[in-house]
Number of protein chains: 2
Amino acid sequence: MARRKDHAPEELKSMAIKAVIEFLQEQPADKLSLRQVAKMVGYSPGTLINLFGSYAFLILAANAHTLDHISDQLESSMTISDDPKEQLRLFANAYLTFAVEHPYQWQILFEHHLDEADDIPDWQLNRISRLFSLLESRLKVLNPQSSEEERHKASRVIWAAVHGICTLVIDDKLFAQETLTGESMIQSLLTHYLGSWTLPEMQS
Amino acid sequence: MARRKDHAPEELKSMAIKAVIEFLQEQPADKLSLRQVAKMVGYSPGTLINLFGSYAFLILAANAHTLDHISDQLESSMTISDDPKEQLRLFANAYLTFAVEHPYQWQILFEHHLDEADDIPDWQLNRISRLFSLLESRLKVLNPQSSEEERHKASRVIWAAVHGICTLVIDDKLFAQETLTGESMIQSLLTHYLGSWTLPEMQS
DNA sequence: GCCATAATTGAACACCGTTTAGAATTCTTG
DNA sequence: CAAGAATTCTAAACGGTGTTCAATTATGGC
């Protein structure tokens, strides 16, 4: 009972990744399993392990796919406006929108931890640093006199803050009244935080 | 093989919770298991399920304990200074410190999701809303003219932002140069965000 | 001393990720 | 063209997981 070769390895890989993502549109990560994915693609668990190395690496591959998806959405969201402040707002809102529309896919992206023995591969690191440069370039337009280091810090603070908002919104851990939306929180964050950004003499 | 009654139910409960937290000081949540905890306290898995209802509820109980611990640290951190801005900084830094010193305990606190059927019990909700009121009261001192709603929003934005910083710091997902510390990010966040808080006419 | 009651557990169940021996097909070679 | 080597794939087994439940034991009251 072997030797089928119905699909090329890369083809099967993308089938598995697609199955993972499809599953996560409706069910949370802890209901997902290797055996479930195997069933979906019509192969045995062992075959997927041969292909990806382990279940954890299959998830990692799916997360890479997700990150690409998010990158695309963020980058295209920026094209809507020319105003850098508005671009940052659109950027953050696109991030939030993805999290809200795909909560389980979003959760596994940040809650999946590899064993600390094997670290995150380069192709994953590169994706993320590209997103940060997008932020930093907008900050540079907003304040050309700012130093590289200032922009480095500001981009991280903003991203971490936006990320925190997204996390707590989809986990519903804000214990807020209903009038308080993620969008208005992002608006508030950016308005206040960037208020002094264009005045470089007042920085901490 | 039954009827031991070596420990009163509440006693056994706190033993199990203690075992969970002890385990998480050294190993991540995905290495933890009900059977492991059972072994640590010297009871069978079934006994713990009888006691807590399920493994998920045992984790929830441990998380409640963690939240109390954090609350204490935060509240006592505030007593160090009388300046409300400084208090908020101390507050946020205490939060960060706990996360860095107990990363696995921190992770399970936010990455543990109950089945959406059964929702978070009231005693857990109360703990959190108490923390928010602490924030809001500092914001009121900073700007007595601010409305309840403004403080509500600002406290959520600040907490979400600080939370995001903590998350990304302990997951090492900031891809930042080594000079950028969590403390300096918190400093930057508060300085800039609160810069306009004392000027209520400039709010979004 | 007996009996109902409450506490505890071992065994079973259905799942999980991973390993591995071997079956089945294809490719290469003589 | 046949034979053997190489590749692809899976079934089965292993040790783990949370959970259920019948069986067992010790206790407290009568």
Side-chain angles (χ1 to χ4, degrees), chain A residues 1-17 19-20 23-24 26-63 104 107-108 111-118, chain B residues 1-17 19-20 23-24 26-63 104 107-108 111-118:
Chain A
M1 194 156 293
R3 190 76 207 198
R4 289 168 35 186
K5 189 93 174 168
D6 293 349
H7 308 279
E10 284 310 312
E11 194 181 354
L12 183 48
K13 267 197 177 187
S14 83
M15 283 169 62
I17 291 169
V20 166
F23 183 96
L24 292 173
E26 308 213 319
Q27 291 190 253
D30 59 278
K31 305 287 176 198
L32 185 67
S33 71
L34 177 62
R35 290 179 130 97
Q36 182 65 242
V37 180
K39 209 172 288 177
M40 287 195 234
V41 296
Y43 277 74
S44 77
T47 302
L48 294 182
I49 290 212
N50 287 356
L51 207 54
F52 288 95
S54 73
Y55 179 52
F57 281 126
L58 163 56
I59 301 300
L60 186 71
N63 281 345
Y104 301 139
Q107 273 171 353
I108 208 174
E111 292 179 5
H112 176 67
H113 307 288
L114 292 167
D115 293 17
E116 46 193 322
D118 38 28
Chain B
M1 193 153 296
R3 191 73 206 200
R4 287 168 38 189
K5 191 90 174 170
D6 294 349
H7 308 279
E10 283 310 311
E11 194 181 353
L12 183 47
K13 267 197 178 187
S14 84
M15 282 168 60
I17 291 169
V20 166
F23 183 96
L24 292 173
E26 307 211 322
Q27 289 189 256
D30 59 276
K31 306 286 176 198
L32 185 66
S33 71
L34 176 62
R35 291 177 130 97
Q36 181 65 240
V37 180
K39 210 172 288 177
M40 288 196 234
V41 295
Y43 278 74
S44 77
T47 302
L48 294 182
I49 290 211
N50 286 357
L51 208 53
F52 288 96
S54 74
Y55 180 52
F57 281 127
L58 163 55
I59 300 300
L60 187 70
N63 281 345
Y104 301 140
Q107 272 171 353
I108 208 174
E111 293 180 5
H112 176 67
H113 307 287
L114 292 168
D115 295 17
E116 48 193 319
D118 38 28

Residue mapping more 5' on DNA chain C - nearest nucleotide basis, Gly46(B) or Gln36(A): Gly46(B)
Is the shortest heavy-atom distance from the side chain of Asp30(A) to the side chain of His113(B) under 4.5 Å? no
Closest to the Thr47(B) side chain: dG18(D), dT8(C), dT10(D)? dT8(C)
With the side chain of Asn50(B) defined as its heavy atoms from C-beta on, choose the nearest nucleotide among dT19(D), dT9(C), dT10(D). dT9(C)
Output the single nucleotide from dC9(D), dG18(D), dT18(C) whose closest atom is nearest the side chain of Tyr55(B). dG18(D)
Interatomic distance where CG belongs to Leu48(A) and C1' belongs to dT20(C) [whole Å]: 17 Å
Answer yes or no: are there more than 12 heavy-atom neighbours, outside Glu11(A) itself, under 6.0 Å from its atom CD? yes
Regarding Ser33(A), tell me which of base, sugar-phosphate or nothing describes its non-hydrogen contacts under 4.0 Å with the strands shown. sugar-phosphate
CG of Leu51(B) versus P of dT20(D): gap in Å, rounded? 15 Å
Do Ile59(A) and Leu32(A) make a side-chain contact, defined as non-hydrogen atoms from C-beta onward lying under 4.5 Å apart? yes
Could one point to a donor on the side chain of Arg35(A) or the base of dG17(C) with an acceptor on the other under 3.5 Å away? yes
Atom OG1 in Thr47(A), atom NE2 in His7(A): separation rounded to 0.5 Å? 11.0 Å
Using whole Å, what does the distance between atom C1' of nucleotide dA7(C) and atom NZ of Lys13(B) come to? 16 Å
